[in-house]
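Note: hydrogens, waters and symmetry copies are ignored here, and every other heavy atom, side chains too, is used. Keep in mind that what you see is a predicted model, and the values were worked out from it rather than measured.
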Amino acid sequence: MTKNNFNKLKKVLVGDFPDHKLMLHHYETNFNKTMWTLYKKIAGESKQDLDELSIFYKDHGVEVYRPKFDPFVTNKWSKISFRPPISMSDRFFTYGDLNFYLSTASDSSLIWTNFVRDSLEKLHDHGKYVFANPLTMETGKMESYDDKDWPGDEGFMLDGPCFLPAEDTIIYSRKHCNTDRGIEWMQRIIKKFYPETKFVDVSDRFVNHIDDQIRVYNENLASSNGHIDFVTAELRKSYPNIKVLDTSIYRVKKDEFKSNLYQKYGKSIQEVDWLKECIDMDDKNGNVDTSSVSLDNKTVVQTYNTLDLHEKLEGHGLKVEKLRLRHSRFWGAGMPCETAVLEREDNIS
């Protein structure tokens, strides 16, 4: 297994949806048929897109796993939380022959459920080392909080997309979703197998997930939502000739969209107008998410309407495949969120 994000993709876990009967019950209890109709449209089209993403990977020679939903091992659906098991990459980080399955304080499900158990068992059977961080029962903090409320040493909270592998370097953000104890636990394991690994903390520059803020497409090209000189200097320690594109304009546009939407409707995800706005905006104004998944060092897959980023990448010799990922704004998830990378080939192809 490789220690970067662009060697040929071999195995992934793509998210899925349960049936909607439980959600229908909650909406009927709320006496709001319109909300249910809109949610059903969002969920149904999202499942269709995830199924098409799964087929796309299979057509490109990638082995695809899908999670199994078990309503008896989680209480998440006792609340209107809108979180079916789709963004599986939040729970996975792979580095070399190591696979980490991670949990946070908001996880109410047991770690060895059918969500991921089959995938982890197969990886273990194929000679990979599989680790699960301790359950986060020591803190009541949830995974979403302001920097001033960051819990520091409490618990073992970890979020996979906050870690970016770049050969013998791992760039990471410790705030928002990760605690010191969780990061130290991961560092101890990685350095036991790969003692030369260096960890670079970018929390003062990048908060939250790194996967849509810094992308490495191959040894010669990357992108970053700001701090270009810093990111270039760090990546050139692994890739001496790399060029970093500035994609900060997309971050600005994304923040503007969220600000306008929340200002108009508030942050309650249960409002009919909020749901309708998400549906209306998906195909009109383009998806400003800059994240992508590398099939190999020459090919990336993006959501089909990502403004003009694909043109910039193609101008640097990359082939860009585009797929529908409707309602990504609603779920707060992009292409790499829906693609938990489990294995890549050792050699660049």
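- Using a 3.5 Å distance cut-off with no hydrogens or angles, the side chains of Asn225 and Gln213 do not pair a donor with an acceptor.
- The stretch residues 217-237 participates, sequence neighbours left out, in these ring pair (Phe, Tyr, Trp, His ring centres under 6.0 Å) pairs: Phe206-His227.
- The two residues Leu342 and Val12 have their closest heavy-atom pair at CD1-C, 4.0 Å.
- Every residue meeting the ring pair (Phe, Tyr, Trp, His ring centres under 6.0 Å) condition with Phe56, not counting sequence neighbours, appears here in chain and number order: His60.
- Rounding to the nearest 0.5 Å places CG of Leu13 at 12.5 Å from CZ of Arg91.
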Problem set entry | Ile189 and Tyr129: CA distance, side-chain angles, deciding distance, side chain to side chain contact (heavy atoms under 4.5 Å, CB included) verdict | CA-CA 10 Å; Ile189 294 174; Tyr129 298 96; over 6 Å; no

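- Checking Glu167, Arg344, Glu219 one by one against Asn4, the side chain to side chain donor-acceptor pair (under 3.5 Å) holds for a single residue, Glu167.
- Every residue two or more places apart in sequence or in another chain was checked for a side-chain hydrogen bond (donor to acceptor under 3.5 Å, both in side chains) with Thr232, and none qualifies.
- One distance of note links CG of Asp211 with SG of Cys337; it measures 5.5 Å at 0.5 Å rounding.
- With sequence neighbours left out, the ring pair (Phe, Tyr, Trp, His ring centres under 6.0 Å) criterion links Tyr239 to Phe6.
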For this session: Quick one: do Phe100 and Phe92 satisfy ring pair (Phe, Tyr, Trp, His ring centres under 6.0 Å)? Show the steps, please.
Result: CA-CA 6 Å; Phe100 293 90; Phe92 284 90; over 10 Å; no

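- Residue Ile55 is not grouped with residue Leu50 when hydrophobic side chains (ILVMFWY) are merged at heavy-atom distances under 4.5 angstrom, including chains of intermediate members.
- Between Leu221 and the choices Val244, Asn241, Leu313, the side chain to side chain contact (heavy atoms under 4.5 Å, CB included) rule is met once, by Leu313.
- Around atom CG of Asp229, no more than 12 heavy atoms belonging to other residues, nucleotides or ligands sit under 6.0 Å away.
- Not a single donor-acceptor pair under 3.5 Å links the side chain of Ser292 to the backbone N or O of Val301.
- No side-chain heavy atom of Val300 sits under 4.5 Å from any side-chain heavy atom of Met335.
- Residue Ile214 holds its CD1 atom at 6.5 Å from CG of Leu235, rounded to the nearest 0.5 Å.
- Between the Arg215 side chain and the Ser223 main chain, no donor and acceptor come within less than 3.5 Å of each other.
- Among Asp168, Asp346, Thr169, the one residue that satisfies the side chain to side chain donor-acceptor pair (under 3.5 Å) test with Lys3 is Asp168.
- Classified by interplanar angle (parallel below 30°, tilted 30° to 60°, perpendicular above 60°), the ring pair Phe93/Phe163 is tilted.
- Counting only distance, with no hydrogens or angles, the side chain of Ser238 and the backbone of Ala166 share a donor-acceptor pair below 3.5 Å.
- Side-chain atoms of Ser224 come within 3.5 Å of backbone atoms of Gly226 as a donor-acceptor pair (strictly under, hydrogens ignored).
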Exercise. Is there a side chain to side chain contact (heavy atoms under 4.5 Å, CB included) between Lys10 and Glu345 once you walk through the steps?
Worked result: CA-CA 6 Å; Lys10 290 184 66 177; Glu345 291 187 356; 3.3 Å; yes

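- In this structure, the salt bridge (Lys or Arg N to Asp or Glu O under 4.0 Å) partners of Glu52, at least two apart in sequence or on a different chain, are Arg324.
- By the side-chain hydrogen bond (donor to acceptor under 3.5 Å, both in side chains) test, Thr299 is found to be paired with Asp296, residues two or more places apart in sequence or in another chain being considered.
- For Lys198, the salt bridge (Lys or Arg N to Asp or Glu O under 4.0 Å) criterion is met by no residue, not counting sequence neighbours.
- Partners of Glu63 by side-chain contact (heavy atoms from CB on, under 4.5 Å), not counting sequence neighbours, listed by chain and number: Lys11, Tyr65.
- Judged by distance alone, the side chains of Tyr172 and Ser203 never bring a donor and an acceptor atom under 3.5 Å apart.
- Asn297 and Leu318 get closest at one heavy-atom pair: O-CD2, 3.6 Å.
- In this structure, Lys322 and Thr303 approach most closely via the heavy-atom pair CG-O, 4.2 Å.
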Problem set entry | Pair Tyr101-Phe131, ring pair (Phe, Tyr, Trp, His ring centres under 6.0 Å): steps then yes or no | CA-CA 6 Å; Tyr101 175 61; Phe131 301 90; over 10 Å; no

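- In this structure, the side-chain contact (heavy atoms from CB on, under 4.5 Å) partners of Glu311, at least two apart in sequence or on a different chain, are Asp308.
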Problem set entry | Stepwise side chain to side chain contact (heavy atoms under 4.5 Å, CB included) test for Leu323 and Asp49 | CA-CA 8 Å; Leu323 293 180; Asp49 292 348; over 6 Å; no

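- A 4.5 Å side-chain heavy-atom check between Glu343 and Lys128 finds at least one atom pair inside the cut-off.
- Both Phe193 and Ile170 belong to a single network of hydrophobic side chains, linked directly or stepwise wherever heavy atoms of I, L, V, M, F, W or Y lie under 4.5 Å apart.
- Taking 4.0 Å as the cut-off between side-chain N and carboxylate O, Glu314 and Lys312 do not count as a salt-bridged pair.
- Under the 3.5 Å distance criterion, the side-chain polar atoms of Ser89 are matched with a main-chain donor or acceptor of Pro336.
- Both Ile242 and Val200 sit in one connected hydrophobic cluster of ILVMFWY residues. Membership requires side-chain heavy atoms under 4.5 Å apart, directly or through other members.
- The CG atom of Asn5 sits 7.0 Å away from atom OG of Ser294, with the distance rounded to the nearest 0.5 Å.
- Between Lys243 atom NZ and Arg236 atom CZ the span is 10.0 Å, to the nearest 0.5 Å.
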Problem set entry | Working for side chain to side chain contact (heavy atoms under 4.5 Å, CB included), residues Ile190 and Leu98 | CA-CA 8 Å; Ile190 289 177; Leu98 313 180; 4.0 Å; yes

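- With sequence neighbours left out, the salt bridge (Lys or Arg N to Asp or Glu O under 4.0 Å) criterion links Asp51 to Lys47, Arg66.
- The heavy-atom pair separating Ile183 from Leu158 by the smallest distance is N-CD2, 3.7 Å.
- Shown here are the side-chain hydrogen bond (donor to acceptor under 3.5 Å, both in side chains) partners of Glu234, two or more places apart in sequence or in another chain: Lys237.
- Checked against side-chain hydrogen bond (donor to acceptor under 3.5 Å, both in side chains), Lys191 has no partners two or more places apart in sequence or in another chain.
- In this structure, CD1 on Ile210 lies 6.5 Å from SG on Cys162, to the nearest 0.5 angstrom.
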